[in-house]
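In what follows, a structure is listed as structure tokens, so that the remarks can point back to it.
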Amino acid sequence: MAKEITSRKENYSQWYNDIVNKAGLAENSSVRGCMVIKPYGYAIWEKMQSALDKMFKDTGHENAYFPLFIPKSFFSKEASHVEGFAKECAVVTHYRLKTSEDGKGVIVDEDAKLEEELIVRPTSEAIIWDTYRNWIQSYRDLPLLINQWANVVRWEMRTRLFLRTTEFLWQEGHTAHETREEALKEAELILNIYADFAEKWMAMPVLKGLKSPNERFAGAVETFCIEALMQDGKALQAGTSHFLGQNFARAFDVKYLTRENKLEYVWATSWGVSTRLVGALIMAHSDDNGLVLPPKLAPIQVVIVPIYKKEEQLEAISQKAHAIMEQLKGRNISVKFDDRDTYKPGFKFAEWEMKGVPVRLVIGPRDLENGTVEVARRDTLEKEVLKMENIDEKIEHLLERIQDNIFQKAFSFRDENTFSVDTWDEFKDKIEKGGFVWAHWDGTSETEQTIKDETKATIRLIPLQRDGDTGKCIYSGKPSEGRVVFAKAY
RNA sequence: CGGGGUGUGGCGCAGUCCGGUUAGCGCGCUACGUUCGGGACGUAGAGGCCGGGAGUUCGAAUCUCCCCACCCCGACCA
């Protein structure tokens with residue numbers, strides 16, 4: 001039929017595109033590389049936002065908003081930061097248009113050239129640290145714990161809906177602290193929040209770790225990350241939390257008076273997750289029938305489809321449906337009654353399946369007679385007929401089981417696709433097939449780069465605790481302090 | 001930036017080689033009726049500067065030249 005999607009086996013990236021398209025999450029816009037996030041996709045992002053926002057606030061962070069534009073000179077104050085982002089910055093050079101000579105269009109007014117060009121933020125460290133200089137004077141102003149929800153622009157060469165777009169939405173936290181230890185603790189706190197969010201809300205298991213110098217954020221001393229495994233065996237960086245040391249404080253001259261009345265540079269962190277998480281969510285759970293959403297992030301958790309022949313039947317069913325809706329809303333379950341009479345039930349089943357609604361209730365004449373309702377779950381596609389009594393409680397439990405089940409499924413998948421190897425041949429073989437590959441590495445950038453050139457695999461993370469499992473680097477044979485996780489990545 | 005490809009109703013395409021009345025098809029859309037426990041059907045409709053410009057010709061979606069845009073594959077990346 002027209003609505004069918006490509007199978008994962010046939011063409012994984014086409015499958016992904018089909019889901020984004022047919023579930024109505026997003027579409028390409030007229031602007032190259034930029035997407036339009038459609039209402040259903042945006043609703044998922046809003047659910048993510050509200051959960052994360054609460055977690056940030058519960059740990060003492062406040063929201064603020066900084067400008068979209070960054071003066072070029074600010075941007076260049078931190079050397080490695082510029083180097084990392086310079087290649088992908090959009091630059092504003094003029095502030096006015098005028099009608100063209102032939103009167104048919106508009107052109108840039110060359111007389112309206114900006115004295116100093118503005119960079120469209122690829123991230124906000126520069127403008128924020130320039131501001132923090134004025135906000136921070138003494139240890140009493142610390143810690144400064146700020147987050148902002150914003151859009152950023154990185155001029156990417158190749159884009160994919162949600163996973164990599166020129167403009168994307170994210171949150172970026174920027175904190176300032178008295179001590180190195182405190183800043184490190186903050187970076188790890190956020191890392192744990194990200195991991196918790198991924199596992200408890202997105203039902204997506206993640207590994208936590210440290211980035212190698214090659215993969216580290218431009219301007220950071222350490223980058224912590226969470227990494228998830230997608231169904232095609234590729235890794236996806238789902239969130240990063242950076243310990244910035246005093247790099248930005250030095251670059252922007254942000255000093256504070258210590259308790260001992262001495263001037264010191266402050267210690268910093270920054271951290272972010274983006275709309276890329278929506279892409280991760282899709283690739284973590286969905287199947288060949290469409291999107292599969294974890295109940296906790298599903299904009300619609302339960303859909304009710306009526307089956308009827310005559311108008312009177314619909315009326316009786318509507319009554320039942322509305323009663324159920326009231327009960328479910330009382331338990332904070334979002335529910336939609338799909339009483340459109342322009343589509344047949346079969347069509348609606350397929351459509352809600354495509355959109356990943358976790359639970360579908362079907363009420364028809366038979367159910368009215370028997371006091372039952374048909375309950376179908378999206379994750380397993382199983383159907384059962386339940387008595388109407390305590391239906392709200394049953395559904396609440398079912399949603400919990402679904403949340404749990406899709407996490408377990410993703411967890412087993414990762415488990416089955418995680419390997420530990422000791423030889424170069426084994427390494428190449430496993431990397432080729434996909435998955436996380438634990439292997440010894442000599443700790444040098446050169447080796448990492450060579451491995452990347454030869455296999456396209458990168459070090460996704462270095463585990464936080466290295467358990468003394470020393471060995472020999474799979475590539476160079478030199479000593480290794482412990483295994484690190486390699487994978488091909490998005 | 002290299003290499004390949006494609007531009008035709010909202011979407012997916014045919015037609016282009018070999019020029020010829022009114023540019024087709026499927027899906028979707030609108031109205032009405034019949035249907036309704038896994039993607040319904042009938043009837044009647046609406047919807048096109050055939051990517052843009054310049055040529056050749058009695059005549060161009062079709063031939064020639066020049067632009068433009070987008071997609072795929074590589075180098076870069078949350």
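Labels below follow one simple rule: chain letters A, B, ... track the order of the sequence lines, proteins then strands, and each chain is numbered from 1. Quick note: numbers below take in every heavy atom, side chains included, and nothing from hydrogens, waters or symmetry partners.
- Between the CG atom of N28(A) and the P atom of rA69(B) there is a distance of 17 Å, rounded to whole Å.
- Rounded to whole Å, atom P of rA78(B) lies 16 Å from atom CH2 of W45(A).
- For F347(A), counting side-chain heavy atoms from C-beta on, the closest listed nucleotide (rC36(B), rA40(B), rG38(B)) is rA40(B).
- If you measure from atom NZ of K87(A) to atom P of rC1(B), you get 18 Å, rounded to the nearest angstrom.
- Applying the Watson-Crick and G-U wobble criteria (two distances, each under 3.5 Å), rG55(B) pairs with rC63(B).
- Sorted by first and then second residue, the ring pair (Phe, Tyr, Trp, His ring centres under 6.0 Å) pairs with a member in residues 215-236 of chain A read H81(A)-F217(A), F85(A)-F217(A), F217(A)-H242(A); sequence neighbours excluded.
- rA78(B) atom P lies 8 Å from atom CD of E88(A), rounded to whole Å.
- A close approach under 4.0 Å does occur between a side-chain nitrogen or oxygen of R158(A) and OP1 or OP2 of rG74(B).
- Atom-to-atom, OH of Y343(A) to C1' of rU34(B) comes out at 18 Å; the value is rounded to the nearest Å.
- There is a side-chain donor-acceptor pair under 3.5 Å between S80(A) and E78(A).
- In this model, the phosphate group of rA69(B) is not approached by any side-chain N or O of R32(A) to a distance below 4.0 Å at OP1 or OP2.
- With rA78(B), rC36(B), rG39(B) as the candidates, the nucleotide lying closest to the side chain of M354(A) is rG39(B).
- Y343(A) does not carry K348(A) over the face of its six-membered ring by the limits of under 6.0 Å from the centre and within 45° of the normal.
- Side chains of D196(A) and W201(A): a donor-acceptor N/O pair is absent below 3.5 angstrom, by distance only.
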